[in-house]
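Below is one structure, written out as structure tokens, with a few remarks after it.
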Amino acid sequence: MKRNWRDLFHSMAFRMAVGFGGAVFLCMIVVLSVLYVRTIGEMHSRMDDQLQSTLKRLQNIYQENGLQRVIADIQASLEDGVHTDSEGYLLMERYGRKLAGNMEPPPLHQADYGNARAYRVLRDGRPSVSRLRTTYLSEGLVLTVARDLQELDSLDLMMRQAMLAAALVALLLAGLGAVLLQRHLEREVAVIRRVTQQVQEGDLSQRIDVFSDDDEFSRLSHDINGMLDRIEVLMQGVRHVSNTIAHNLRTPLSRIRATLDQALTPGQPEKTKQEAMVYALRQVEGLSSLFEKLLQIAEAETGMRTVAMSRINISDILLDVIDLYEPLAEEQGITIQAAINPHLHATADRDLLGSALANLLDNALKYAGPSAVVQLRAWEDMENVWVEIEDNGPGVSAAQLEKMGLLFQRGDTRIPGHGLGLASVQAIMRLLGASLAFEHAEPGLRVRLGFPGNLTKR
Amino acid sequence: MADLSIDLARRRVERAGKVINLQPREFRLLVYLVLNQGTVVTRTMLLESVWDYHFDPQTNVIDVQISRLRNKIDQDFEPALIHTVRGKGYMLSVLGAAVKEE
């Protein structure tokens, strides 16, 4: 239980709720106090005014009509049935004899009652706490008027009790609110924490249940789920890549081993040894070119490669790449058709772009098959320079289309290759800030590159 | 060079007195090979000097370009001038070869 309370205090939600509750409570106390002081004060001062005006009236009567009329007026006031149980009068001679009124004179040592705020007097033979006002009508003639405070006191008490009750209720509600808020937040956070803990323990497939209402926690959960999706895909990618690297290493290595083993067995002719060495050399070369390519992609992806960005003529680069590949295409019986608008400029790195375009064209020739037609188009619109490379070969499946550009993702596995070409193109395009999209060309595949920065027309 | 002569100004190539028609890029390839005769020229070097791009080309691209050139230069003549160096690239070599410049 003790531990529980410490937890509660450490909870941000609880502290926040307590803070808010405390603020509301304080605010309420201030408002109620002002209300109380003003109300009671107002009633007191009104009572004073009344007493004062009564005195004034009787004083006037005395000056104009004499003592007898004052006595008569006091009698009348006491019998008129208005406030009779709360008002008090006393007309007396100094130190002594009462002339009129319903209050007993003060004790003998006291000349008069004075202007007491609350004084215990005897009125109609009963004790009464009253507010008093006293004046001298003439030398030796004292007039005191009084108003019983019982009514006011009971109102005062009632207000105090109401305020106390309200304060208690507010305190209770604030406390309850704090605990409830804390519980609620704790529950929401617990759902998220349970999942993140499972993820920490290595289970990346966990997802947070998101309820439909669009509050902060559902949005946070949604974001976390999105993050986990991405991490899971990346992790799978990394796993796939390392598996493939291991596989790509193992097969050639075991082949090399077997070949060299065989060459080393005694009695082999010199020619076999020679051939084995050549074979081993070729395999090693293949491996080093694979790792060379992997390194290049890694460099492009991490941005380690220095990029020489400048305004370059994309049309010229396309024509150069076509020039480079024309003989190869011809040899494979593939026709390259070019529809390239002249003088298309974009900001890019000439060598990187050349490498990417060469890769794409290489792929098109490799996968389109004999007697295919590969079309290269380039044009520009208001914002981008677009380059399309389209073949009418067999194309790819919808599932393959989604995975294009991933490391070691192979199109047709019967065609030799490592599955690095498009990955390197994708890394380069990302580095150049250009877009890369793959579409079904029906038949065949269409690759579209979009280069931003048609600055002249923007 | 041997019985091969190159006229850089008129972009004319003759071998054993016969004119050989080369396309511009084939001509540039040949000139580069001749200028570097006796040394191994890698495919990357060829791409750099002939096309002026700095990246590693897919192996077969340059091979096809070279084989075209070889067909025109070496097919009907002896000795062969363009040699393939396995795993490295190409080399143009013949004893006593020289570029004839006019």
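To find a chain, count down the sequence lines: A is the first, B the second, and so on, and within it residues start at 1.
Residues passing the salt bridge (charged side-chain N to carboxylate O under 4.0 Å, His left out) test with Arg11(B), sequence neighbours excluded: none. Applying the side chain to side chain contact (heavy atoms under 4.5 Å, CB included) rule to Thr44(B) yields the partners Thr42(B), Glu48(B), Asp56(B), Pro57(B); only residues at least two apart in sequence or on another chain are considered.
Taking 4.5 Å as the limit, some side-chain heavy atom of Arg350(A) sits within range of a side-chain heavy atom of Asp52(B).
Contacts of residues 275-285 of chain A with chain B at a heavy-atom distance below 4.5 Å involve Val278(A), Arg282(A), Glu285(A), listed in sequence order. Annotation: residues 318-329 of chain A contacts chain B through Asp320(A), Asp323(A), Leu324(A), Tyr325(A), Glu326(A), Pro327(A), Leu328(A) [non-hydrogen atoms, separation under 4.5 Å].
Atom CZ of residue Phe55(B) and atom CG of residue Leu353(A) lie 9.5 Å apart, to the nearest 0.5 angstrom.
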